[in-house]
Protein chains: 2
Amino acid sequence: MLSERQRMILNAIIDDYIRSAEPVGSRSISKRGDVSFSPATIRNEMADLEEMGLLEQPHTSAGRIPSIKGYRYYVDHLVKLGGVGDQDVRTLRTFFAEKMNRWEGIVEHAATILSQMTNYTSIVLGPEMFHTTLKHFQLVPINDVSAVAIIVANTGHVEHRTITIPDGVSMDDMTKTVNLLNERLAGVPFYKVKSVLHSEIAKELSRYVEHCEDILSLLDQTITEEQEPKVYLSGASNMLTQPEFKDVDKAKTILEMLEETQMLMQLFQSNSDGIQVKIGTENSLEAINHCSLITATYSFDGQSLGTIGILGPTRMEYGKVISLLDYLSKDIAQLMSRWHK
Amino acid sequence: MLSERQRMILNAIIDDYIRSAEPVGSRSISKRGDVSFSPATIRNEMADLEEMGLLEQPHTSAGRIPSIKGYRYYVDHLVKLGGVGDQDVRTLRTFFAEKMNRWEGIVEHAATILSQMTNYTSIVLGPEMFHTTLKHFQLVPINDVSAVAIIVANTGHVEHRTITIPDGVSMDDMTKTVNLLNERLAGVPFYKVKSVLHSEIAKELSRYVEHCEDILSLLDQTITEEQEPKVYLSGASNMLTQPEFKDVDKAKTILEMLEETQMLMQLFQSNSDGIQVKIGTENSLEAINHCSLITATYSFDGQSLGTIGILGPTRMEYGKVISLLDYLSKDIAQLMSRWHK
DNA sequence: GTTAGCACTCGACGCATTGGAGTGCTAACG
DNA sequence: CGTTAGCACTCCAATGCGTCGAGTGCTAAC
């Protein structure tokens with residue numbers, strides 16, 4: 001579809017624009033080593049590329065900038081995945097050498113390091129509990145009326161709630177219930193827990209324990225509620241570094257969106273495995289129509305557990321970011337499997 | 001020190017400036033109902049107030065703006081604590097009516113609601129474990145080599161770590177140790193846990209259990225490590241609403257600081273109980289020399305546990321914010337005591 | 001097919017002009 | 001003596017204008 005020369009020119013324009021954030025003229029392309037044609041020739045090709053919708057002109061006498069479609073072509077056909085630089089590899093080594101003793105720690109830290117290494121904004125989705133299995137369930141009484149319910153997953157993930165013990169339920173009842181739950185639910189994936197709870201356990205429990213409906217509904221809530229993964233955000237202020245957001249209002253729109261967890265979840269919805277690149281309006285949210293989002297999933301035990309992502313201007317260093325996300329997501333998976341070997 | 005009229009004028013100027021963000025002229029003060037003197041008279045007083053260092057002039061032919069010292073005087077002597085508005089009270093009612101089942105939930109939610117109600121940035125310090133006591137300690141084995149250590153405080157606060165079980169330590173040893181710990185440490189405040197662990201428990205443990213040094217040092221780490229409270233931030237983007245930060249660079253400096261948890265902790269250092277107002281350069285960090293920070297501590301059982309705070313421009317609605325923080329901090333305390341009654 | 005040359009476009013930048021808000025001072029007033 | 005009207009002065013902010021230069025599209029020559 002595109003001639004070799006057109007591809008080179010397109011590539012050169014996008015590279016330049018990514019670096020400079022300013023419309024690229026025919027002259028500056030011609031002066032680069034890699035495309036040795038005169039400005040006039042390049043202008044002709046540029047006009048063609050514009051007709052195809054790959055380039056745009058902010059105004060008549062300005063250079064060209066890539067369109068969404070242009071970036072898409074670049075990402076699909078042109079971008080060079082250079083791998084991760086030595087410096088970055090070292091940073092990551094240090095990162096993974098640090099002592100990590102909580103899931104949340106790893107994931108949160110990963111977000112920080114991502115934003116620092118890229119100077120973009122990173123968004124990381126913590127592990128989903130959906131596909132993990134229940135390891136242990138426990139109630140720790142705090143006082144007469146309340147207790148802490150603790151749920152441990154096979155991945156080492158821990159969730160907890162403070163619950164109020166229903167009237168008329170004795171400590172003994174609770175203990176019995178908890179024991180039964182551990183017996184029956186250990187090893188059950190969380191997405192099945194609810195049904196098992198109602199089908200198998202409810203009946204049996206009703207033999208030993210009074211008020212078991214109260215207890216069950218309480219536990220039901222406790223276990224199913226809020227299994228939504230946590231969202232970690234880092235480097236939102238990096239957005240302000242980008243010249244495209246020198247206008248405070250634009251910056252504000254984006255930062256406001258970033259503060260809403262719901263919105264972020266929505267961004268990550270079409271969550272197929274592997275690396276995904278969403279450019280500009282390809283994203284579902286209008287607020288980031290001038291941004292690109294690159295995501296990668298990390299997995300444990302073959303199951304994709306969560307997502308790491310980078311949000312930046314459409315004029316983003318795609319090659320670098322894609323390489324990095326790929327590398328890091330695999331490293332996280334590896335770290336986790338080493339942890340739970 | 002100040003005449004009644006000077007105080008009225010100072011008050012009027014600051015009120016106006018807080019509303020408009022623009023230097024206040026003598027004419028506009030004179031036209032307000034509350035100070036019925038001619039502009040000329042007011043100009044004289046303004047000159048005096050400037051000499052005293054309470055007002056400043058951006059340039060010769062502009063109106064006056066309050067200086068840090070001026071704001072200080074305003075906060076100390078003039079500001080009217082109007083209490084919390086009806087609308088706000090209702091919002092808070094709704095907030096506290098919502099079902100809360102985790103400490104983190106309450107505190108995080110409090111941050112959100114604060115920033116929404118004020119349109120400033122809110123910073124909330126989660127509960128310190130330092131003064132709470134240990135309720136329960138537990139190890140849940142995940143696989144052959146690792147286990148999750150869970151610590152529950154009397155407040156219902158839960159901390160957890162994944163730990164790697166030292167070589168040569170049997171599950172039985174671990175269980176014995178955990179049992180002993182629960183026996184001896186239940187009810188002990190966290191700031192004493194470390195010393196009790198080494199003085200009382202170490203000896204006794206060495207009788208039953210092999211490799212007890214390994215286990216102890218591991219537990220020591222686990223328990224003492226990271227008792228730093230969590231920091232919750234909300235509404236950072238509200239900073240961009242303020243005209244003083246229409247310049248992206250200034251905004252960036254502040255937002256960058258807000259992303260560093262360490263910095264935020266430093267802000268909250270001089271943490272005496274009750275409400276504190278730090279205006280402009282009274283803050284330790286240069287980055288927020290044009291901001292004011294208002295903080296209030298919330299407590300449980302007489303012990304101050306954490307801090308809620310609002311960060312805004314020095315030109316901040318002090319009266320409203322102080323009232324609100326006072327109200328909310330007391331409400332949180334009340335909610336907690338009701339929870340654990 | 002490629003390139004040099006040229007007229008044209010259009011935003012960015014610098015500069016002078018103007019308008020108005022606000023001051024400080026002085027003199028008059030009660 | 002405190003208060004106020006009047007006035008000259010200051011200085012920012014907004015506006016308009018001319019210039020500059022980067023870049024284009026087109027045409028004609030190579």
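This one's a predicted model, so the numbers in the text were calculated from it and none came from an experiment. Chain identifiers are assigned alphabetically (A, B, ...) following the order of the sequence lines, protein sequences preceding nucleic acid strands; residue numbering begins at 1 within each chain.
Sorted by residue number, the list of members of residues 17-35 of chain A with any non-hydrogen atom under 4.0 Å from DNA chain C is empty.
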**Study point:** B:K278 vs B:T295, side chain to side chain contact (heavy atoms under 4.5 Å, CB included): CA-CA, chis, key distance, verdict
**Key:** CA-CA 8 Å; B:K278 295 224 168 189; B:T295 56; over 6 Å; no
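With sequence neighbours excluded, no residue forms a ring-ring contact (aromatic ring centres under 6.0 Å, His included) with A:Y232. For B:H290, there are no ring-ring contact (aromatic ring centres under 6.0 Å, His included) partners, not counting sequence neighbours. Partners of B:Y74 according to the ring-ring contact (aromatic ring centres under 6.0 Å, His included) rule, which considers only residues two or more places apart in sequence or in another chain, do not exist here. For B:E256, the salt bridge (Lys or Arg N to Asp or Glu O under 4.0 Å) partners two or more places apart in sequence, or in a different chain, are B:K252.
Looking at B:S61, its side chain comes within 3.5 Å of the base of D:dT10 through a donor and an acceptor atom.
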Can I get a per-line list of side-chain donor-acceptor pairs under 3.5 Å for residues 51-61 of chain A, giving both atom names and the distance, sequence neighbours left out?
{"unit_1": "A:Q57", "atom_1": "NE2", "unit_2": "A:T60", "atom_2": "O", "d": "2.9"}
{"unit_1": "A:Q57", "atom_1": "NE2", "unit_2": "A:A62", "atom_2": "O", "d": "3.3"}

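If you check every strand for non-hydrogen atoms under 4.0 Å, B:T41 touches a base.
Rounded to the nearest 0.5 angstrom, B:R7 CZ and B:M1 CE are separated by 12.0 Å.
Within the structure, salt bridge (charged side-chain N to carboxylate O under 4.0 Å, His left out) contacts touching residues 76-87 of chain B (residues at least two apart or in different chains) are B:R72-B:D76. Counting only residues at least two apart or in different chains, salt bridge (charged side-chain N to carboxylate O under 4.0 Å, His left out) contacts with residues 109-119 of chain B are absent. Screening residues 232-243 of chain A for salt bridge (charged side-chain N to carboxylate O under 4.0 Å, His left out) gives no qualifying pairs among residues at least two apart or on separate chains.
Between B:Q116 and B:T112, the side chains place no donor N or O within less than 3.5 Å of an acceptor N or O (distance only, hydrogens not considered).
In terms of position on DNA chain D, the residue among B:N44 and A:G63 whose nearest nucleotide sits closer to the 5' end is B:N44.
Contact footprint of chain A on DNA chain C: nucleotides with an atom under 4.0 Å from a non-hydrogen protein atom, first to last in 5' to 3' order, C:dT2 to C:dG11.
With the 3.5 Å cutoff on both pairing distances, Watson-Crick and G-U pairs in DNA chain D assemble into runs of at least 3 at C:1-30 with D:1-30.
Across the protein-nucleic acid pair, A:R43 atom CZ and D:dG23 atom C1' stand 8 Å apart, rounded to whole Å.
Residues A:V35 and A:A12 come closest through the heavy atom pair CG2-CB, 4.3 Å.
Salt bridge status for A:R315 with A:E244: present, with a side-chain N to carboxylate O gap under 4.0 Å.
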Interface polar pairs with nucleotides 13-15 of chain D, N/O, under 3.5 angstrom:
none

